[in-house]
There are 2 protein chains.
Amino acid sequence: MHKSTITIRDVAKAAGVSVSTVSRVLNDRDGVSPTTYQRVRQVIEELNYASNLAARSMRLQQTGVIGVVAPDLRSAFTLQVIRSVSAAVEERGYELLVFTSSRVDGEEDQALREQRHVHLLNSGLTDGTIVLTPHATTFPSERPVVVIDPNRHGVEVPAVLSTNYAGARAAMAYLFELGHRRIGFVGGRPDLQSAVRRWEGYRDSLMEQGISLDPTLVCRGDFTREGGYACGQRLLSLAQPPTAIFAANDESAIGVLKAARDLGVPVPQALSVVGFDNITESAWTTPPLTTVDQALEGMGQAAVDLLFESMAGKPVAAVHKVATELVIRESCGPPAR
Amino acid sequence: MHKSTITIRDVAKAAGVSVSTVSRVLNDRDGVSPTTYQRVRQVIEELNYASNLAARSMRLQQTGVIGVVAPDLRSAFTLQVIRSVSAAVEERGYELLVFTSSRVDGEEDQALREQRHVHLLNSGLTDGTIVLTPHATTFPSERPVVVIDPNRHGVEVPAVLSTNYAGARAAMAYLFELGHRRIGFVGGRPDLQSAVRRWEGYRDSLMEQGISLDPTLVCRGDFTREGGYACGQRLLSLAQPPTAIFAANDESAIGVLKAARDLGVPVPQALSVVGFDNITESAWTTPPLTTVDQALEGMGQAAVDLLFESMAGKPVAAVHKVATELVIRESCGPPAR
DNA sequence: CTGTTAGCGCTTTCAG
DNA sequence: CTGAAAGCGCTAACAG
């Protein structure tokens, strides 16, 4: 069933030419007579030949493939960024290869895994690689590497980040404007830089309004729906529940929405909810979620731009910030009298 | 910045041994003295050396990597299957490489692209490849290939399918049981086998109940939310709207749910909705969606099982069917009076 | 215009 | 136990 590999040599033999001629035809190099070209092309077609990426990449520096190393395919954030990277990469006529490292053992292992995967790709298969939400801060690699939303400080390769702090401030400003004073917070994993920045935005906003931080209103989630649901349940069961909840990402916010629904708390009448990310999902919730748009498309695009500049040998900025913007939908209103 | 590639030769030189010795150490082959082994290991560590996948795979037949070729990363179906494949692959200690071919030009191109990607992976990089919802029916490949939910008939490699027809029948039976007689249908793309089978299930169920098919109640969607939304709007705007809608997949059903909400039609009081797939999302809709569980996890698992059997040289079944099961949540009820 | 040849980095006989 | 050498499939000089 599985045909034994057809190599360039087989093609050469069948066409009665040398391998180099076939190679020239394959790569559309000059210096091949039209007659020969035709014949070789035909044989390639007949034999259903396709060149071997491994061999090819070992000889060339260019492969026309960009790699992506993603922690796992579970989160909507990851997926949407991959999709935007995919679009940007294809626009440039490159292909995309994704390596997943879903098995999350420990944080240390995670970083090592990321590095290994980057090497695996960048040592020949790909012309450059983009790493999503990496734990590693350094990548020994022969080809350019760009990271998106790194989890730790001090990353030694170009990074694309969004304005997490400013975005959180904007969300809070909106809630204040509506009249909310008692605002709950559903945080993300404290080991993630983005989660920390959003938390700081929440905290500082309160402070500026002269509202003292109430620890009972802060719940530590984990960026998942389930986590958000649990936090929502806890916050809404308080003797004095918040009139608004700012969730550090949309998945958490969706969990809060569900908790509110299960507890019979109408949104936005009795509770306002704001998320962060603007994943496509958030436009489809009931009610549609007001959230901080992280321009996920923009992040993928920016990362690809940085990567190609880097591949072209140009010096690139160490950090590229993508602006956030509040998207107002229907999950917020003034506090219930 | 980008370190010049460190090769096995560099390691050999630094350790004062030959490349073959280093190779032996790398692959934990016998016949290396403990002293030498230690020294080489240490140098590898110091130089931060990692072997080159391209070169390695050119020499070996085993790479420890399984490939996945996916049409695009847009649909939840695709993603969830990839995730399940990922889990099953990792369980066996293999890595996963995903090639996406999002650019959908035409159907023909799609098939060619799939074939090219399979070859690219299977010609050395991967030990076997799984293709999701392929348009191609044949895959010239040197290594095993297994497909999941092929779009066309007559696929020449082992395929994993779910019982689409039976699932659709089960959904319809449930609606009949609740008392519905006027049931709308939101179909999928007619070029997809699964969409056709679900449509047939709908049609035959009606026939068996002695209900003649009303073309105005049938709307052709495209398996997307937007398509489902448009269909929902159309069906619910009918002079005599259906009391229930069976959507050929969950994404469409979610679109219908939104249309109902926007038109002020309460679900399940005035409209029952059933989906198909049971993507994780469907448990989080308002109200939670009753749907036909396609055992997406099971499909990925089954495909990986088939692939490994095939890789081990065992003969495998041409078709592996995964059973569907109706999951009853809160989107259905008896018809309004 | 075309063929010969030398590697890319790696593993694996085959000799020491 | 270790090294030299061949070759995986391919491309890029270098000669004809």
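Source: prediction; values computed, not measured.
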When the distance from [atom1] of [X] to [atom2] of [N] is rounded to whole Å, what number comes out?
X        : N      : atom1 : atom2 : value
B:Arg59  : C:dT11 : CZ    : C1'   : 5 Å
A:Ile8   : C:dC8  : CD1   : P     : 19 Å
A:Arg9   : D:dT11 : CZ    : C1'   : 13 Å
B:Ile6   : C:dC8  : CD1   : C1'   : 17 Å
A:Leu125 : C:dC8  : CG    : C1'   : 14 Å
A:Gln38  : C:dC1  : CD    : C1'   : 16 Å
A:Leu53  : D:dC8  : CG    : P     : 19 Å

Given [options], which nucleotide is nearest the side-chain atoms of [X]?
X       : options                : value
A:Ser51 : D:dC10, D:dG3, C:dT11  : D:dC10
A:Asn52 : C:dC10, D:dT2, D:dC10  : D:dC10
A:Leu26 : D:dG3, C:dC10, D:dT11  : D:dT11
A:Ser23 : D:dT11, D:dC8, C:dT4   : D:dT11
B:Ala55 : C:dC10, C:dT11, D:dC10 : C:dC10

Problem - NZ/NE/NH1/NH2 to OD/OE distance under 4.0 Å, B:Arg113 and A:Glu90 - result: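 Here B:Arg113 pairs with A:Glu90 in a salt bridge, since their nearest N and O are under 4.0 Å apart.
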Exercise for the section: Looking at every strand, decide which applies to A:Tyr37 at a 4.0 Å heavy-atom threshold: base, sugar-phosphate, or nothing. Expected result: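 The residue A:Tyr37 makes no contact with any strand.
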Check the side chains of [Y] and [X] for a donor-acceptor pair under 3.5 angstrom, ignoring hydrogens and angles.
X        : Y        : value
B:Arg56  : B:Ser51  : yes
A:Ser20  : A:Ser23  : no
A:Asn122 : A:Ser141 : yes

Exercise for the section: Residues of residues 29-36 of chain B with any non-hydrogen atom less than 4.0 angstrom from an atom of DNA chain D: list those, numerically ordered, please. Expected result: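 Within this stretch, B:Gly31, B:Val32, B:Ser33, B:Thr36 sit under 4.0 Å of the strand.
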Exercise for the section: For residues B:Val65 and B:Asp127, determine if any side-chain heavy atom of one lies less than 4.5 Å from a side-chain heavy atom of the other. Expected result: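 A side-chain contact under 4.5 Å is absent here.
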Exercise for the section: Please determine which of B:Leu306, B:Val146, B:Ile66, B:Val316 meets the side-chain contact (heavy atoms from CB on, under 4.5 Å) test together with B:Met311. Expected result: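 When side-chain contact (heavy atoms from CB on, under 4.5 Å) is applied between B:Met311 and each of B:Leu306, B:Val146, B:Ile66, B:Val316, only B:Ile66 qualifies.
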Exercise for the section: Verify the contact: side-chain N or O of A:Thr7 to OP1 or OP2 of D:dG9, cut-off strictly under 4.0 Å; return yes or no. Expected result: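 The answer is no; no side-chain N or O of A:Thr7 sits under 4.0 Å from OP1 or OP2.
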Handout entry: Under-4.0 Å side-chain N/O to phosphate OP1/OP2 contact, B:Arg56 with C:dG9
Key =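 The answer is no; no side-chain N or O of B:Arg56 sits under 4.0 Å from OP1 or OP2.
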Handout entry: Test side chain to side chain contact (heavy atoms under 4.5 Å, CB included) applied to A:Ala136 - qualifying residues, sequence neighbours left out
Key =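 In terms of side chain to side chain contact (heavy atoms under 4.5 Å, CB included), with neighbours along the sequence ignored, A:Ala136 is linked to A:Ala111, A:Glu114, A:Gln115, A:Phe139.
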Exercise for the section: Only counting residues at least two apart or in another chain, list the ones meeting side chain to side chain contact (heavy atoms under 4.5 Å, CB included) with B:Val19. Expected result: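 B:Val19 satisfies side chain to side chain contact (heavy atoms under 4.5 Å, CB included) with B:Ile8, B:Arg9, B:Ala12 once adjacent residues are dropped.
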Practice task
With sequence neighbours excluded, give me every salt bridge (Lys or Arg N to Asp or Glu O under 4.0 Å) pair touching residues 21-50 of chain B.
Solution key: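 Only B:Asp28-B:Arg41 qualify under salt bridge (Lys or Arg N to Asp or Glu O under 4.0 Å).
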Exercise for the section: Can you tell me which residue pairs pass the ring pair (Phe, Tyr, Trp, His ring centres under 6.0 Å) test with a partner in residues 295-316 of chain B, sequence neighbours excluded? Expected result: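 Residue pairs with at least one partner in residues 295-316 of chain B: B:Tyr94-B:Phe308.
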Taking N or O atoms only and anything under 3.5 Å, show me the protein contacts with nucleotides 14-16 of chain D, one pair per line.
none

Problem - Donor-acceptor pair present, A:Ser20 side chain and C:dT4 base, under 3.5 Å - result: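 In this structure, the two groups form a donor-acceptor pair.
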